[in-house]
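Side chains included, hydrogens not; waters and symmetry mates left out as well; all remaining heavy atoms used.
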Amino acid sequence: MRNRITLLVETALNKACAAQELITSTLPIITLGHPAKPEHGDFSCNIAMLLSKSERKAPRLVAEIILKYLGAGSGLLLKTDIAGPGFINFFVSLSAWQATLLEIEKGGENFGKTTAGSGKKVQVEFVSANPTGPLHIGHGRGAAIGDTLCRILDAAGWDVTREFYYNDAGVQISNLALSVQMRCLGVDTDDPRWPEGGYQGDYIKDVAKAYLAKESVVASDQHTTASGDPEDLENIRSFSVAWLRREQDLDLDAFDVKFDVYTLESSLYSEGRVDSVVQKLIANGHAYEQDNALWLRSTDFGDDKDRVMRKADGSYTYFVPDVAYHQSKWERGFTRVINEQGSDHHSTVTRVRAGLQALDAGIPKDWPEYVLHQMVTVMRGGEEVKISKRAGSYVTLRELIDEVGRDATRFFFLMRKPDAQMVFDIDLAKQQTNENPVYYVQYAHARICSIFDNAAEKGFVAPLTPELSTLECLSTDEDMKMIKLLTALPDTIDDCAIHFEPHRLTYYLSELASCFHSFYNKNRVISEDRKLTEARLYLLKRTAQTIKNALSLLGISAPERM
RNA sequence: GCGCUCGUAGCUCAGUUGGAUAGAGCAACGGCCUUCUAAGCCGUAGGUCGCACGUUCGAGUCGUGCCGGGCGUACCA
C-alpha cells in the first residue's frame, strides 16, 4: 500500500515538472510516514516542505500544486489533505483496504515478499567462528542476525548466498593443535609444559580422547581419520579442526542456520591467492620492508597506521588472507557483500577495505558493507558470566538452545538492534514465563488456529475469495487496524532489508499479536450472523498467514496449539 | 590519547533513513474468565530523551564540545 501511494506521488511530481509548475531539477526521495493521529490519515508525506526552498514557495502552495496532478489512484484514495506546516495526508478508502485481504490470500506463504532487490546478487558472510572451540553465545547472536538478514534479503527479492569463513590456519590453530597434543600426552593446564595461550576448555580433552581412539570425523566438506599418534602434530591439527567443525555444524543445525558456501583460510594459501595478493600490493607500490617485516601503506587509504603483512618470522598476519578472501568474493561477481561480525572485529573494517583499495581493482571504497553486533553480557544466578575462550569459561550456543529452546533464543537475539549491547539473563529466559515475548506472538497464532477448530465444529469455514459484500462487514476500527497492520508486512520487510535491522520484524510481530489479542477480547468471531462470522474468519485466516510468514523469516515456528 | 558504538519511564528496550501531543514490555496499583486458549484483555501511575551550544519551518533523530558505559587501538583472529 505504501509503495502504491509513493508511486502516485512520484507520478504527480513528474507531471508537475513536465508542466513546468515545479522547477526543482533533482527531486528528493519520496518518503511516506505513518501519522500518529488518525485524523491525519493513513499516510503522510513531507515532500512539499522539502521542496519549499528550491521552489521558493510556501510549503502549502507546493502541496497544492502536487495535489493538482495527483489522481485518485482508481478508487485507492478516499481523500487527501494539506495539513499543518505542509504535510500531504492520504486517506485510503475502506474498500481499498478491504481488497488488500484478497492480495494476502493470493500471496499465501509468499505474502510479504517484495521485488526491491530485483534478483541482484548479494553475499552475506556470518558466524565465521574459528574452529578452536564450540560456538558461544556471541556467535549465537551473530548466527541469529546473519541468518535472519539472509531470509529477509531473500524475501526482499535479492539472490542471497550465505557464506562461512573458517580460519583454519594461523597461530590460533597451532595453539589448538598443541593443546590437544598436550592432552593426548596427559599434560594438564598447570603443568610447566602446557603451551602459552593454549586452550583450556574441557572439550580439548574430548578431542584428544577421540584422536587417541583413532576416530573418523566427517564435517561439512572434510573427512579426517585420526592416526592416534601423539607425535603427529599435523594429523592432530587437521583432526582437531575437523572435530570442532563438526561440533559447530551440529550447533548451527540445531539453530536452523544453513550455509551455501564454506571457505577455508587454508585454501587461500594452497591456491596461491595469498601470495598473489602480496605480489600485487608490492607491484602497486603500496608495500615496503621495515624491521624485517613487510608492511602495507594502509595510511594511504584512511587507516591510522600502516599494517604488517608479513611478520619477521615469514608468516602472514591474519589480514592478508582476509584481503585475498575478499578479492575472491569480488571476483565471484558479488558487487554487494555484507559481513556480519562481532563489534570486537571492527578494526578489520578499515584494514580490509584499505587492502582492497591498494589492489587497484576498481573495488568501491565502501565495499564490503558491515553489520557489527555489540557484545552480549551473560547473566546467570544474578551474576555476570565472564567469557574467556581460552580458560574455557563461557556459555555455549548449544547450552542455550537446550535450556531456552530454539524459538525463544532466536527471538531474544533478534529483539535488539545489532549495534546495541544486550544482556542475556539465562535464568529469566529459562523460566519460560510470559516475560518472554516470543510466547506472546506464538500464542496469537495458536489462538487463531483454535478458533478455526471451533468454527469447523459449528459448521463454519473461512470462505475462499469472498464476495465484496462479505468483506464490507469488516469496517470497525479494530477491523481496519488489523487490515492495515497486515498490509504493512511487505513495507516492514523492505525496511529491514534496507537498514540491515531484523529487529524491526520482531517489533512488527509484537504489534500484530497485540492487535489480534485486543481484537479477540472485543469481538466474538463465531456468532449467529453467518456473513459476519465468515468475514471475520477470513480476516483471521489472513492474520494467521501473516504471523506465520513473518515468524518463518525469523526462523521461528508458528505452533497451532500451545 | 585516538577510532567505533551506546546513553530515552524504576528495569529491559523501540522510536520507520529530520516531522505533528515521545511509545511498548516487565515491575507497581485497580478491574475482566458459566460463552471461540487468562501464556490474554482493559485501566491508573511513571519522562528536563546524559549535559550544553549549533544547523532550520521543525531535533530523541543531524553537527560540534563535554560527561558516563562498552569494544577496539598486536608482527592474535
Side-chain angles (χ1 to χ4, degrees), chain A residues 2 29 31-37 40 44 46 49-50 52-53 58-59 83-87 89 128-130 132 167 169-173 175 197 265 291-295 304-305 307-313 315-319 321-322 342-350 372 374-375 377 415-417 419-423 425 428 432-440 442-444 446-455 457-458 460 488 491-492 494-496 498-499 501 503-504 506-508 510-511 513-514 516-527 533 540 561-562:
Chain A
R2 192 177 65 179
I29 297 166
T31 50
L32 292 188
H34 298 280
K37 300 177 74 175
H40 290 144
S44 70
N46 63 353
M49 289 180 281
L50 296 179
S52 170
K53 190 168 262 180
F87 290 104
N89 292 334
S128 293
N130 288 354
T132 53
N167 294 104
V171 176
Q172 298 304 337
I173 297 301
N175 283 341
E265 183 185 6
D291 302 331
N292 287 327
L294 182 69
W295 296 69
D304 54 354
K305 60 171 93 161
R307 303 293 169 180
V308 170
M309 292 196 287
R310 193 173 56 224
K311 296 181 263 187
D313 68 4
S315 64
Y316 292 109
T317 57
Y318 74 92
F319 108 93
D322 257 13
S343 68
D344 54 336
H345 290 82
H346 81 248
S347 62
T348 66
V349 176
T350 311
L372 301 177
Q374 293 285 326
M375 299 291 96
T377 306
M415 274 176 61
R416 271 92 184 188
K417 62 181 167 198
D419 52 11
Q421 288 168 234
M422 66 171 285
V423 176
D425 188 327
L428 188 70
Q432 304 208 355
T433 64
N434 57 350
E435 286 174 38
N436 205 329
V438 68
Y439 295 114
Y440 184 78
Q442 291 181 317
Y443 184 53
R447 243 184 173 180
I448 294 173
C449 291
S450 155
I451 294 173
F452 292 146
D453 289 347
N454 220 287
E457 277 179 28
K458 291 177 177 150
F460 290 110
D491 303 335
T492 305
D494 278 345
D495 290 342
C496 289
I498 289 168
H499 297 280
E501 290 181 343
H503 77 281
R504 292 172 188 242
T506 66
Y507 279 87
Y508 169 79
S510 296
E511 197 182 344
S514 166
F516 162 72
H517 286 309
S518 187
F519 178 92
Y520 177 90
N521 274 273
K522 260 180 219 163
N523 305 289
R524 175 145 270 277
V525 176
I526 301 162
S527 67
T533 299
L540 291 192
R561 250 170 269 282
M562 285 175 75

Any [X] side-chain nitrogen or oxygen under 4.0 Å from OP1 or OP2 of [N]:
X      : N      : answer
A:K311 : B:rC76 : yes
A:H517 : B:rU37 : no
A:R447 : B:rA39 : no
A:K417 : B:rG15 : yes
A:Y520 : B:rC32 : no
A:S518 : B:rC42 : yes

base_contact_polar ([N] base, [X] side chain, donor-acceptor, <3.5 Å):
X      : N      : result
A:N175 : B:rA77 : no
A:N46  : B:rG19 : yes
A:Y318 : B:rA77 : yes
A:H345 : B:rG72 : no

Exercise for the section: Mind checking the CD-CG spacing from A:E457 to A:D453? Nearest 0.5 Å is all I need. Expected result: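 The CD atom of A:E457 sits 7.5 Å away from the CG atom of A:D453.
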Within the 4.0 Å heavy-atom criterion, would you say [X] contacts the bases, only the backbone, or no part of the nucleic acid?
X      : answer
A:D313 : nothing
A:R504 : sugar-phosphate
A:I498 : nothing
A:D494 : nothing
A:N521 : base
A:S450 : base
A:V349 : nothing
A:H40  : base
A:A312 : base
A:S44  : base

Identify which nucleotide among [options] has an atom closest to any side-chain atom of [X], counting heavy atoms from C-beta outward.
X      : options                : answer
A:A446 : B:rU37, B:rA77, B:rA74 : B:rU37
A:D495 : B:rU16, B:rC13, B:rA77 : B:rU16
A:K53  : B:rA77, B:rA20, B:rU56 : B:rU56
A:Q421 : B:rA74, B:rA38, B:rG70 : B:rG70
A:D419 : B:rU5, B:rC41, B:rA77  : B:rU5
A:R416 : B:rC71, B:rC75, B:rA14 : B:rA14
A:Q172 : B:rC76, B:rC57, B:rU37 : B:rC76

Rounded [atom1] spacing from [N] to [M] in Å:
N      : M      : atom1 : result
B:rU55 : B:rU64 : P     : 15 Å
B:rA22 : B:rU48 : C1'   : 13 Å
B:rC29 : B:rC13 : C1'   : 23 Å
B:rG47 : B:rC66 : C1'   : 23 Å
B:rG63 : B:rC26 : C1'   : 36 Å
B:rU16 : B:rA74 : P     : 36 Å
B:rG65 : B:rU12 : P     : 29 Å
B:rU8  : B:rG15 : C1'   : 9 Å

Round to the nearest Å and state the distance from [X] atom [atom1] to [N] atom [atom2].
X      : N      : atom1 : atom2 : value
A:I448 : B:rG40 : CD1   : P     : 15 Å
A:M49  : B:rG18 : CE    : P     : 13 Å
A:Y507 : B:rU12 : OH    : P     : 13 Å
A:Y443 : B:rC36 : OH    : P     : 11 Å
A:K305 : B:rG3  : NZ    : P     : 14 Å
A:M562 : B:rC36 : CE    : C1'   : 17 Å
A:D304 : B:rC4  : CG    : C1'   : 11 Å
A:E265 : B:rA77 : CD    : P     : 8 Å

Practice task
Look at the aromatic rings of A:F516 and A:Y520 and report parallel, tilted or perpendicular, splitting at 30° and 60°.
Solution key: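 Ring orientation, 0 to 90° scale: tilted.
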Problem - Side-chain heavy atoms of A:L540 within contact of A:F519, under 4.5 Å - result: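 Yes, side chains in contact.
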Problem - A:F87 ring over B:rG19 six-membered base ring, under 5.5 Å and 30° - result: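 No, aromatic ring not over the base.
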Practice task
Classify the glycosidic conformation of B:rC4 as syn or anti, calling it syn when the angle lies within 90° of 0.
Solution key: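 The base of B:rC4 is oriented anti (glycosidic angle more than 90° from 0).
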Problem - A:T31, A:D495, A:D494 screened by side-chain hydrogen bond (donor to acceptor under 3.5 Å, both in side chains) with A:R2, the one that passes - result: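 Among A:T31, A:D495, A:D494, the one meeting side-chain hydrogen bond (donor to acceptor under 3.5 Å, both in side chains) with A:R2 is A:D495.
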Donor-acceptor contact present, side-chain [X] to main-chain [Y], <3.5 Å:
X      : Y      : answer
A:D313 : A:S315 : yes
A:T317 : A:V308 : yes
A:T533 : A:S527 : yes
A:S514 : A:S510 : no

Handout entry: Position toward the 5' end of RNA chain B (nearest nucleotide), A:Q374 or A:I526
Key =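 It is A:Q374, whose closest nucleotide lies nearer the 5' terminus.
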Handout entry: Along RNA chain B (nearest heavy atom to each residue), the more 5'-positioned of A:R2 and A:A455
Key =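 Upstream on the strand: A:R2.
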Practice task
Please work out the stems of RNA chain B from pairs that are Watson-Crick or G-U wobble with both distances under 3.5 Å, keeping only runs of three or more consecutive pairs.
Solution key: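 Listed by first number, the stems are B:1-7 with B:67-73, B:10-13 with B:23-26, B:28-32 with B:40-44, B:50-54 with B:62-66.
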Handout entry: salt bridge (Lys or Arg N to Asp or Glu O under 4.0 Å) partners for A:D304, two or more places apart
Key =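 For A:D304, the residues satisfying salt bridge (Lys or Arg N to Asp or Glu O under 4.0 Å) (neighbours in sequence not counted) are A:R307.
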Exercise for the section: Under the side chain to side chain contact (heavy atoms under 4.5 Å, CB included) rule, collect the residues that match up with A:A455, sequence neighbours excluded. Expected result: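 So A:A455 forms a side chain to side chain contact (heavy atoms under 4.5 Å, CB included) with A:F460, A:I526, A:L537.
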Practice task
Kindly check if the number of other-residue, nucleotide or ligand heavy atoms within 6.0 Å of NZ (A:K311) is above 12?
Solution key: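 It does: A:K311 NZ has more than 12 such atoms within range.
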Problem - Residues A:H517 and A:R447: side-chain donor-acceptor under 3.5 angstrom - result: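 Looking only at side-chain atoms, A:R447 and A:H517 do form a donor-acceptor pair, the distance falling under 3.5 Å.
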